[in-house]
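Chain A is the first sequence line, chain B the second, and so forth, proteins listed ahead of strands; every chain is numbered from 1.
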Amino acid sequence: MSKHLKMKQFSLFSLLMFFCCISAYAQEQLVTVNLKKVSLKEVLNVIEKQTTYRFSYRNKVVDDKKDISISKSRVPVNIVLNEALAGRNLEYSIISSTSIVIFDKKKEIEINRERKKLIGKVQDEKGEPVIGAAVLVKGSTNRTVTDINGEFQINTSDKDVITISMLGYVPVEKQANKFNSSPIVMKENAIMIDEVVAIGYGSVKKSDLTGAVANVSSKMLQNQAKMNDPIQSLQGQIAGADITSGNSPGASSSIIIRGYNTLMRSGGDDPLIIIDNAPFLGKLDEINPSEIEKIDILKDASSTAIYGARGANGVIIITTKRGNKDGKLSIEYDGYFGMGKCYKNFDVMDGNMYAAYRESAYKNNGSNDAFDDVQKRVIANGNFIDWQKFMFNNWSYKTNHSVTVNTSTGKNRNLIVLGYNSDQGIISNMSYKRFTGRFTGDIELAKQFTLGYSVNFAHSITNVGDDSVWRSGTRMDPLSELYNENGDLNFYTNKWMQDYTMPNPIYDTRKENVDVQNKRNNASANLYSDWDITKELKFKTSLTYNYSSTESGAYFSPNSTNRHLSVNGASYNKATHEQFNFTNILSYVKQFNEIHKIDISAVQDLQKYETNAIGVAGFDIPYYGKWYNVNEAQTNISNGSVKSEWALLSFMGRINYNIKDRYLFTATGRYDGSSRLAKGHKWALFPSAAIAWRISEEPFVKTLEQISNLKLRLSYGVSGNTAVQPYATQGQYGRYPYTFGTSEVAAWGYVPSLIANPDMGWERTSEINLGLDYGFFNNRLSGSVDFYQRDTRDLLMQRNLPSTSGYTTVWENVGQIRNKGFEVAIQGVAVQTKDFSLTIKGTFSYNKNEIVKLFNGKQDSPGNNWFIGKPVSIDRFYKYIGVWQTADATEAAKYKQVVGTAKMEDKDGSYTYTTDDMDIYNKIPKWLAGLSVSAQWKNWDMSVYSYGRFDYGARMGTLTYDQSSCRFNQIGIKDFWTADNPTNVHPRAEMVAIGYLSGSSWAWRDLSFVRIKNINIGYTLPKSFIQKFGCKNLRAYMAVENPFLFTKSDYKGIGLDPENCNSEASARPLTTYMVGINIKF
Amino acid sequence: MKNKYIITAFMIILGCSSCSEFLNETPYNKVVQGNYYTTAAGIKGGVNGLYGSLRDIYNKEFFMNICENSTDISIWPSSAGRQPVDATTSYVNDMWNACYININRCNEVISSLENTTIPGLDNSVKNRYLGESKFIRALYFSHLVKQFGDIPMELTPTSGIVTSANKVSEKDVWEQILKDYQFAIDNCPESYTASTDYGRITKYAALHEMSKSLLTCKRTDSESLKKAQECAELVINSGKYSLVSSTWDLWDMNKMRNSEIILPVCYSKDYLLDGGAGGGNQSHMYFVADYTLHKGITRSLEYGRPWIRVKPTRYAYELYLNPGIDDIANNMIADKRAQDWFITNWKINKTTDYTEVLYNPVTKQNETVTRHPGDLAMTACPWDNVQGGAEYAKKIWPAWVFLPEYAKTLVQSQGGIQSASNPNGVWPSNVKFCTILFYPYLRKHLDPNRLDMNVAEGSRDAIVSRLADTYLLAAEAAFLRGDNNKAAEYINVVRKRAERTEPQFVDKLMITAAQVTADFILDERGRELIGEMQRWYDLKRFGKLTERMTKLYDKIWYLAPAYSFEEYMEKRPYPRNFLLNVSNPEDFQNNSKYGN
């Protein structure tokens, strides 16, 4: 056996070792020997008989001398071997539970004697030896591998650079003279080229992938942020995915992949989420992140085409954890507790300034009577109310507990994940609670037949409260008195607020006044079977039933703003959604010879969805009641029910063809029928094709040490979208009640409310993608670059109509949108030493969104704010150019304006403001970036992750609510026009809102920002210590969420959150501090 | 392998046999277009729906804004009124949309009635349905044509996606309106069973609208004027309607379905039949001023929920004055409408006593006065002739008396208001002045039958036409035909009811033929129909919109923020929202001062 062969053996074995995560078996298998004067071969035979080990050696090294006598009872194999080999110049290595290699020590040393000998030891992060790692003197063919103890010897000179690499680990590079006695630590590599990637109705090795697929494993996320839902944790991690999340307890994230490619107003851009073979029905926050093994994101159309009908917005495949095969019981607990606080109050006027503003508003309207008695009193005594302090300065509390139990008998594997999550917002009647359970099992009934199930249940309760408190708590008049002389809360805090019927918002923060609860249950059951009919031919069938129900109850007491001293009111609505999925996959994989490999799948898929809803509402519940007492209401104000259904039927096929592991071809075709489309337009074919070239496997590249992976991909595909409301092709009548007669006889009427479009068909998205995967220096630097152009045609949209047609909107297939861009993902191990490592991962993407075509080809649709050549989401404003100053009085009058009011640019000088005077402002971020840094120092680890969105903006809803009027306090006004202060910054104070301000660029802000989303610091207790308690792993951590924010415009200065500030009623952003523990037995 | 065949067979079955049926759509829960209006029950639902759709307009806030605000008698009290109408004005857009969406619904029903055989539908019922539907369509068109002039006029239901609009001349629209009203006159019954069908369109409702339409579109055509008068007289002499004898009772919520109403838009106290929360007739709030400025008065059902959207102008108040006849000192205006139709007295309605320090005009010193629940807290004496007002104020001292703000000069010239530092003022210390937020306000729309004071959903019927209006239409037609005697006769019927019954006032409001002028009729319509969403149309019909809005400038805009009226404003602009969505906006160019 040559050395070369041995090496090959070693690397093969080490591969196996890595996947099995087994380090030492010798202690586990005991032998009893009672031998006298026997040869080594006989000793080995005895051991082979008693254990699973089989020895391999060259006959030459094992002599026939009968000189060994050993007598041992029930001892580990290594004790016997050590004794048997003691007198010989031989060494052994236990490779696995079935294999021990015996080799000649002397021989190796002799070969390498000519040079200076370097001896080293390689360990992983946990201190276990890394066996079989390749050790190489850079620029030479001089190489070796580490042995069973992780040790190696290699001949070098001082100036040589040694590289140590091992699959699954980040490679290490070091100059020979820098080696010392301490071991070299290799860090596990998160990006593995041979990882298996889900591609929809199947999976491939990452190296065989032809499309643009990004993936994230739970391992990568577990030390980072502690998130409510799994998508939120991807923020900044996936190039080309724009993820935003709300601030309120239980808010789900939303994700847009590669830009907006539909004109549908809501939901049309949501990617398809697949969990355990079936489309997910619930809300994202109903998935406990602890249940997830990995997330694959299919981005380009060749990848998503296999999902045809629903793939146009990208597909997210979530694979949940399954039971391990190792036949052991393990229990893992992960829990944290956190407290959060508003990081900054909005910059509203203080009491004195508001008083001046108000006085000025009255003066401008010819009145000197600006203040009521309460306001006068507050101005005199200076006890201004800082509403935000009263309402938003509480702490929020969140906690999460998750237990994972893995039991297995090898052929019968079960995994249970139980979770509890709770989030109490800073407003007492806003909170969130979630219980989740996932039970999965895989049963190997026969060698070729596996049956599996996954049952999931999620129960969540969201107390929604009344969103208007965010606005009221910001905008209320500071010249207020909160309490009356008896110390009770005033319902109106001054006369002025009473005039405008704005009650004290503090009432709305209390559960006895506002109790709005959404209760959701989501249960799904998936049953699958895998049948290996032959070695090549496999059949998989999967059946999923998903049931989800939403119950919303609302109760408002007379003291709530909603009921406003009127009788109390309550409503109760319940909706159920059911989805049935039946998927059959027949696949055939065949390696013909060393060169050709073919993988064919045929899939049939069927989906049916049904929703039912019912609701009642009433006023005047005769006692203190909640929404569940709505049946007691004395006035029934509404009742209703809904039922709708849709179905999708699909047939598809896919061929993967692989030549020499270098040239990869994929072709897919999917034929989809949707019930929601018009007769004759229901069916469509979605084809795709892709090729990939693994350059790094070419002989001329393989020799280049620096390049470890290089793959060029090119793909084209078509996918579709049918996400219109059911029955849109049929038109609808709305119910109009009426009463006739002095005895009020009910007269139910039905008149047209939605127009039918009998020609409605598929929206189709085609995409071309050119990508490059790269890995250098043994994948120490790796990543991918993708360029794409995505065109969506026959857009389904609810287009505005002139109302003279009798309708204001219609569903129609119109026009074309283009998204063009590129994505870069890069990951590098910057520092790698024994005690310290630093990994940096960055993503970066650019997307240009543009409407290419609309109705009749080239016609803009100003009513929808859609313009050819502009993004789908824009605002149109007059340009704010200052304030009409005293000298401009005559000019201002021509615009029917008076001095002190806002001045807008009149481009055509027509003295009227028409749409021609408006500019277009982009609302979609053009650039997205994410950066995460993780570091490890001894037992400490730290990760920081951040993301940013750039080059976009929005009209701030928070700034335009009742803009300019003194009716409410205003945000961000530091300087306003008065006769004595002729500023151009902000127009004069008014008594009522001025429409021109919200219709002008005045409230527009560039929203570009970078946010440090999360910093997490953890400490893993030493193994030696925790093993005493039977514990396998124990990590304690602390984290801070939302610590820093960097922005471009002034809105941060005035306290706004760039992600959630477009609505004046959105929850405050919080900075949350958390401590947690992760423990595994 | 047996299983293999079973599975293959299964897939084939799934794949083929079920495709076509599996993807069929059954709208379980929706009424979809198609054959719904082809049954007797379906078409009945269609006609009901057209009545229901009337609530989209009567009396929505946009409807009040576009028909009542701002005119010579009603304005926005706050500075919002400073903004004149332009293409972006939302209430103009709302009116446009509401009318057109409902016109198409009328067309659907009319087309089904005309073009399909509906089994089980009696021919007379069919014609009645047609009459009702055409009447409602004509009503919408008449609003549009009066507001906008030349407009698109589709008479068939929209099918498919229509993005263009054809402008039709004002004249052609009127011809169609007259045709539709005539059809309703010919096919709608004279009356219905009140208990089950009150609120349906009668022949007389159509005659009333016909009369008004003729007076609008054929004002110079003697034949048409004759017909207009005849139509109105047919209503007056039908014996089906009579004026409610008491001006107070006319607006009593509990007597709202009275003998004077020709066509109401019905509302209900049952939320389910009233459009649920946010539905109902909400006009009860628009007119109410903020009376809670008095600490002894709290918001109540009786006085209404103050939204302060409409304020009567100084000119409106003056319309009710009859110099030499009114008895200001006793707070008696000869025209009862002034005090019956406006809230002018407010009582202490808190449960506790109200105290304040006031300068007593008799003892001539400051005194603490206490008012008990139920006592008069304040009263408005808002009419320009405040001579004698001082006497009246003394008489009811210490209740507050509100004078119009413009009386300040007069009060100043008479030594001002009494106080410890000004003991010689003619005016006692309880005299106050109205503001833009507080003034005597209209009672016509108040709805004390709501669940409580803050409930927005009212159940008062909106009034499309009532007999007093018919009398004035008859008078207008007679006047235009030169028959001033007849005109005076009809006007006096209305005025007679308005007259106070105390002997000193009897017959004092009666006018002679010589007094009848266009302006008088217009003023009388103002007095009678203020707040009933008629004023803009009345002023336009008389050709006096621009004239009055400019000549009466000071009396309209007193106190309130003003804008100057120009003649182009007589026609509303096509809404920008429409111009942005229609494919031929070039056909609908607005006056450049409106912008597009």
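- The contact between B:Thr292 and chain A is made by backbone and side chain atoms together, counting heavy-atom distances below 4.5 Å.
- Only the side chain of B:Asp290 comes within contact range of chain A, judged by heavy atoms closer than 4.5 Å.
- Here B:Leu272 is the residue among B:Thr196, B:Leu272, B:Asn104 with the most heavy-atom pairs under 4.5 Å with chain A.
- Taking OG from A:Ser638 and CG from B:Asp274, the interatomic distance works out to 12.5 Å, rounded to the nearest 0.5 Å.
- With respect to chain A, the highest number of heavy-atom pairs below 4.5 Å among B:Gly199, B:Pro152, B:Ser268 belongs to B:Ser268.
- By the side-chain hydrogen bond (donor to acceptor under 3.5 Å, both in side chains) test, B:Asp587 pairs with B:Asn584, sequence neighbours left out.
- The contact between B:Arg576 and chain A is made entirely by side chain atoms (from C-beta outward), counting heavy-atom distances below 4.5 Å.
- Taking A:Asp917 as the reference, nothing meets the side-chain hydrogen bond (donor to acceptor under 3.5 Å, both in side chains) condition, with sequence neighbours excluded.
- Of the atoms belonging to A:Gln607, it is backbone heavy atoms, and not side-chain ones, that fall under 4.5 Å from chain B.
- Each of B:Glu457, B:Lys44, B:Lys593 has some count of heavy-atom pairs under 4.5 Å with chain A, and the biggest count is that of B:Lys593.
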>> Let's go through A:Leu649 and B:Leu23 carefully: what are the C-alpha distance in whole Å and the side-chain angles of both, what is the deciding distance for side chain to side chain contact (heavy atoms under 4.5 Å, CB included) to 0.1 Å, and is it a yes or a no?
In response: CA-CA 8 Å; A:Leu649 188 60; B:Leu23 298 180; 4.2 Å; yes

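- For chain A, the nearby part of B:Tyr267 is the backbone; its heavy atoms alone come within less than 4.5 Å.
- Heavy-atom pairs under 4.5 Å with chain A were tallied for B:Asn97, B:Ile151, B:Asn107; the largest tally goes to B:Asn97.
- Contacts with chain A were tallied for B:Val455, B:Asp86, B:Asn577; B:Val455 has the most, counting heavy-atom pairs under 4.5 Å.
- B:Leu50 touches chain A through backbone and side chain together, each having a heavy atom under 4.5 Å away.
- Remark: the backbone N or O of B:Gly45 is not paired with any side-chain donor or acceptor of A:Trp748 at under 3.5 angstrom.
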>> Let's go through A:Phe582 and A:Asn584 carefully: what are the C-alpha distance in whole Å and the side-chain angles of both, what is the deciding distance for side chain to side chain contact (heavy atoms under 4.5 Å, CB included) to 0.1 Å, and is it a yes or a no?
In response: CA-CA 7 Å; A:Phe582 185 41; A:Asn584 292 292; 3.3 Å; yes

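- Interface summary for chain B: among A:Gly749, A:Ser566, A:Ser965, the most heavy-atom pairs under 4.5 angstrom belong to A:Ser566.
- When the candidates B:Ile161, B:Asp197, B:Val162 are compared by the number of heavy-atom contacts under 4.5 Å with chain A, B:Ile161 comes out ahead.
- In terms of heavy-atom pairs under 4.5 Å with chain B, the best-connected choice from A:Thr541, A:Val810, A:Leu565 is A:Leu565.
- Of the residues considered (A:Asp759, A:Val745, A:Ile637, A:Thr915), A:Ile637 shows the highest number of contacts with chain B, using heavy-atom pairs under 4.5 Å.
- Salt-bridge formation is detected for the pair B:Arg200/B:Glu132: a Lys NZ or Arg NE/NH1/NH2 atom is positioned less than 4.0 Å from an Asp or Glu carboxylate oxygen.
- Contacts between B:Ser583 and chain A at a heavy-atom distance below 4.5 Å involve backbone atoms as well as side-chain atoms.
- The distance between the ring centers of A:Phe740 and B:Tyr198 does not fall below 6.0 angstrom.
- With B:Tyr140 as the aromatic partner, B:Arg105 does not meet the cation-pi criteria of under 6.0 angstrom to the ring centre and within 45 degrees of the ring axis.
- Heavy-atom distances place both the backbone and the side chain of B:Val265 under 4.5 Å from chain A.
- For chain A, the nearby part of B:Pro264 is the backbone; its heavy atoms alone come within less than 4.5 Å.
- With rounding to the nearest 0.5 Å, the separation of CZ in B:Phe148 from CZ in B:Phe588 is 11.5 Å.
- Proximity to chain A involves both the backbone and the side chain of B:Leu273, based on heavy atoms less than 4.5 angstrom apart.
- Checked for salt-bridge contact, A:Glu990 and A:Arg988 meet the test: a charged N lies under 4.0 Å from a carboxylate O.
- Heavy atoms of B:Asn581 lying under 4.5 Å from chain A belong to its backbone as well as its side chain.
- For a residue to count as touching a neighbouring chain, one of its non-hydrogen atoms must lie under 4.5 Å from one of that chain's; by this rule B:Asp56 touches chain A with the side chain only.
- Distance check, rounded to the nearest 0.5 Å: CG of B:Leu293 to NZ of A:Lys495 gives 6.0 Å.
- Proximity to chain A involves both the backbone and the side chain of B:Thr163, based on heavy atoms less than 4.5 angstrom apart.
- The aromatic ring centroids of A:Tyr733 and B:Tyr36 lie less than 6.0 Å from each other.
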